[in-house]
Amino acid sequence: MRKFMWKKAAAAAMTATILATSATVLQAAAPPDGHTNAQDTVEAYGGAYSNWMTKWNSTISKDREQISLSPGSDNSSLNFAWYTKKASGIQKLKIAENKRLTNATVYEAKQTEAVTDKDDTTYVSNKVTATDLKADTTYYYSYQKDGQWTAPEKYTTDNGSKFSFIFVGDPQIGSSNELKGAATEEFYNAQSAAVANDAFNWNTTLNQAMEKTGNKASFVLSSGDQIQSTKKKSPNKAAWGSEIEYSGYLSPDVLKNLPVATTVGNHDADNANYTYHFNTANASELGSNGKVGGDYWFKHDNALFIMLNTQDTNVEEHKQFIEQTVAANKDCKWRIVTLHQDIYGSAEHSNEPEITNLRYQLAPIFEDNKVDVVLTGHDHAYSRTQILKGGHKTTEYTDDDFDSMLDKDMDAGENPDTVYTAKGNIKADTTDPSEKAYLNYLNQVMDKDAIQQVTKKGTTVFNPTGILYMTAGSSSGSKYYDLVPRQQSYIANRWQQDVPTYSVIDITDTTFTINTYRTDTEEKIDETFSIAKVNESENKNQTENKKQPATEKKDTTKPIETAIAPKKAVLKKVKATGKKKVKIIVKKTSEKINGYEVILSTKKNFKKAKKVTTKKNIVTVRKLKASKKYFVKVRAFKKVGNKKIYGKYSTVKKVIVKK
């Protein structure tokens with residue numbers, strides 16, 4: 001398996017590596033992995049982050065007994081899992097339709113000894129499945145922590161006619177730790193700070209996503225890598241090394257009322273603690289890697305969700321599981337598969353032979369079982385494909401082929417800057433045989449012939465027989481990867497701006513609709529995309545030329561994702577200069593840009609904001625509300641054809657407007 005050589009280390013870790021390997025030739029570096037600093041986000045202002053850190057240090061970082069909710073086999077059940085200290089004995093959970101929990105159904109937990117933490121406390125995993133839940137009903141539940149009942153929490157079932165869920169990628173809580181993988185005592189201090197940072201952002205993402213659904217999402221679906229620290233890479237290979245990261249992952253209040261359907265990622269896969277924290281429905285030994293269990297499935301309304309543990313490479317077992325699951329759920333109108341690896345993605349992992357090999361093994365199985373959508377992660381960058389069918393391996397290669405070429409192509413030089421799209425150092429006119437073989441490989445895995453001809457109107461595709469593949473970006477901002485330099489033919493849209501993202505997916509009997517958002521501005525990063533299953537008679541007035549592929553209209557301007565975005569803007573000064581007006585000065589740079597977008601709002605989440613676009617770095621904004629506190633941020637933009645490509649927002653500044 002390829003060892004992802006271009007994953008970039010922080011400066012301290014890089015220095016240590018260089019000193020430890022003095023015999024190694026010093027090579028140029030790839031661009032540094034970005035991560036979102038929680039203190040710089042709007043949500044951190046007004047003391048929110050300092051309050052969070054107080055709570056983190058005093059309670060959350062030490063709390064191993066937080067509960068997780070997971071979808072049950074169908075809408076009528078709900079799964080729970082939580083830790084308690086081993087000495088506490090049998091624990092219980094009760095659930096009722098009233099907050100006082102009168103006439104509650106009481107369940108005794110099934111217990112498994114889990115992990116002994118760093119302080120020598122041994123924990124037990126408790127699991128309960130609540131059954132016979134009614135549609136469109138609010139329930140309250142309470143559970144025992146070391147024999148004491150918790151305060152009631154709320155859970156509401158949907159009405160069964162349509163539903164929404166939140167799709168997220170790679171929370172990977174703790175990945176912003178600069179010393180990750182370092183077997184030193186300093187690792188733990190850095191780990192706690194990183195988990196606090198990533199968990200704060202994870203809270204932000206889930207809160208925004210729930211608000212976007214009108215607080216009516218039925219569940220969250222995660223494409224894997226809940227946490228960062230594998231057992232193998234924890235100091236002393238300690239099983240408890242990731243437990244503080246699970247404390248951060250489970251900390252959002254949203255998750256006390258909302259189930260999460262988790263997928264096994266490579267960072268989850270070598271530690272059984274994953275199985276102790278989550279109670280998955282219909283878990284199978286098929287697809288098991290011997291550590292964290294195998295594949296599982298659940299139904300929600302009219303949709304079947306098939307969750308694969310592709311850290312197990314036994315594709316025949318995955319095939320058997322999919323066939324058995326589909327045969328047992330023929331009534332479902334939608335079939336959705338989730339796995340971790342982005343087999344049709346567009347960032348750093350997407351062209352690796354181990355990923356493309358997995359693609360050509362799994363895609364025919366998905367197609368034979370009439371899967372509609374495949375949701376993936378792993379690459380920490382958003383992408384959405386065309387409708388694909390019939391992709392197959394057309395050139396022979398092994399898992400180790402092209403490793404050096406993949407690294408060379410993305411090499412950013414000796415003084416790398418953070419970029420969103422890799423450099424693309426290997427040129428089309430190369431005469432080097434190894435480089436030519438690499439470019440030929442890339443051309444083969446573009447899968448141009450797999451792009452299906454579809455009936456389409458606007459952004460809706462009607463009655464496709466192929467599959468949509470979607471890769472989620474980072475939901476916590478703990479780590480970002482760059483897009484590959486050459487957008488693959490199979491990609492319809494892709495996006496990377498080093499900002500956490502999430503998707504809201506709405507499902508009815510006839511439609512599957514996706515909207516994807518960035519957390520800093522809460523704007524969409526892609527157009528709304530829908531799949532519609534309708535009768536031909538309903539569709540007769542909505543068809544386009546069926547002989548034309550969905551990609552027939554081509555934008556002749558430079559693709560926005562291949563242009564380099566402006567650097568993060570710097571707010572030099574924000575000053576109230578007169579009655580109801582504010583003067584804003586942006587620091588000049590040598591970078592060529594076309595202008596700035598200035599945003600002002602009386603709310604720190606920038607709702608109902610005033611937007612001003614200017615070509616100059618100094619602007620006076622008038623007609624503001626007197627005596628009000630305003631939050632101000634700015635970002636630079638470049639024009640690419642008829643589009644604008646924006647840089648990251650500046651740090652937010654505050655100003656009080658004069659009367």
Practice item. Test Arg384 against every option in Ile491, Asp526, Thr516 by the side chain to side chain contact (heavy atoms under 4.5 Å, CB included) rule and name the one that passes. Key: Asp526
Practice item. Please list, chain by chain and in numerical order, all residues satisfying ring pair (Phe, Tyr, Trp, His ring centres under 6.0 Å) with Tyr45, sequence neighbours excluded. Key: none
Check your understanding: Between Gly174 and Ala194, which heavy-atom pair has the shortest distance, and what is it?
Key -> O-CB, 4.0 Å
Exercise for review: Return yes if a side-chain donor-acceptor contact under 3.5 Å exists between Ser350 and Gln488, otherwise no.
Suggested key: yes
Practice item. Take the angle between the ring planes of Tyr49 and Phe200 and call it parallel below 30°, perpendicular above 60°, tilted in between. Key: perpendicular
Point to revise | Ring-face cation of Lys533 near Trp334 (centre distance under 6.0 Å, axis angle within 45°) | key: yes
Practice item. Indicate whether the side chain of Asn201 and that of Ser476 have a donor and an acceptor atom separated by less than 3.5 Å. Key: no
Check your understanding: Strictly by modelled atom types, are Tyr649 and Glu597 linked by a side-chain donor-acceptor pair under 3.5 Å?
Key -> yes
Check your understanding: Under 3.5 Å, is there a donor-acceptor pair linking the side chains of Thr471 and Thr376?
Key -> yes
Check your understanding: Taking the six-membered ring for Trp, are Phe165 and Phe512 parallel (under 30°), tilted (30 to 60°) or perpendicular (over 60°)?
Key -> perpendicular
Review point. Going by atom types alone, do Tyr274 and Thr262 pair a side-chain donor with an acceptor below 3.5 Å?
Key: yes
Check your understanding: Counting distance only, does the side-chain N/O of Asn37 pair as donor-acceptor with the main-chain N or O of Gln39 below 3.5 Å?
Key -> yes
Exercise for review: Using the test side chain to side chain donor-acceptor pair (under 3.5 Å), find all partners of Ser68 that sit at least two apart in sequence or belong to another chain.
Suggested key: none
Check your understanding: Tyr296 and Phe278: aromatic ring centres closer than 6.0 Å?
Key -> no
Exercise for review: Verify the distance criterion only: is there a donor paired with an acceptor across the side chains of Asp506 and Ser164 at less than 3.5 Å?
Suggested key: yes
Review point. Mind checking whether His349 and His378 have parallel, tilted or perpendicular rings, split at 30° and 60°?
Key: parallel
Practice item. State plainly whether the residues Glu523 and Arg635 are in salt-bridge range, i.e. N to O under 4.0 Å. Key: yes
Review point. So, does His340 use its side chain to make a donor-acceptor pair with the main chain of Ser223 at under 3.5 Å?
Key: yes
Check your understanding: Any luck finding a side-chain donor-acceptor pair between His277 and Gln226 under 3.5 Å?
Key -> no
Exercise for review: Indicate whether the side chain of His300 and that of Asp158 have a donor and an acceptor atom separated by less than 3.5 Å.
Suggested key: yes
Review point. Are any of the side-chain nitrogens in Asp520 or Lys633 under 4.0 Å away from the carboxylate oxygens of its partner?
Key: no
Point to revise | Distance-only side-chain donor-acceptor flag, Tyr469 / Ser383, under 3.5 Å | key: no
Review point. Is it true that Phe80 and Tyr155 have ring centroids separated by less than 6.0 Å?
Key: no
Review point. In terms of side-chain heavy atoms, does Gln341 have a donor or acceptor partner in Thr310 at a distance below 3.5 Å?
Key: yes
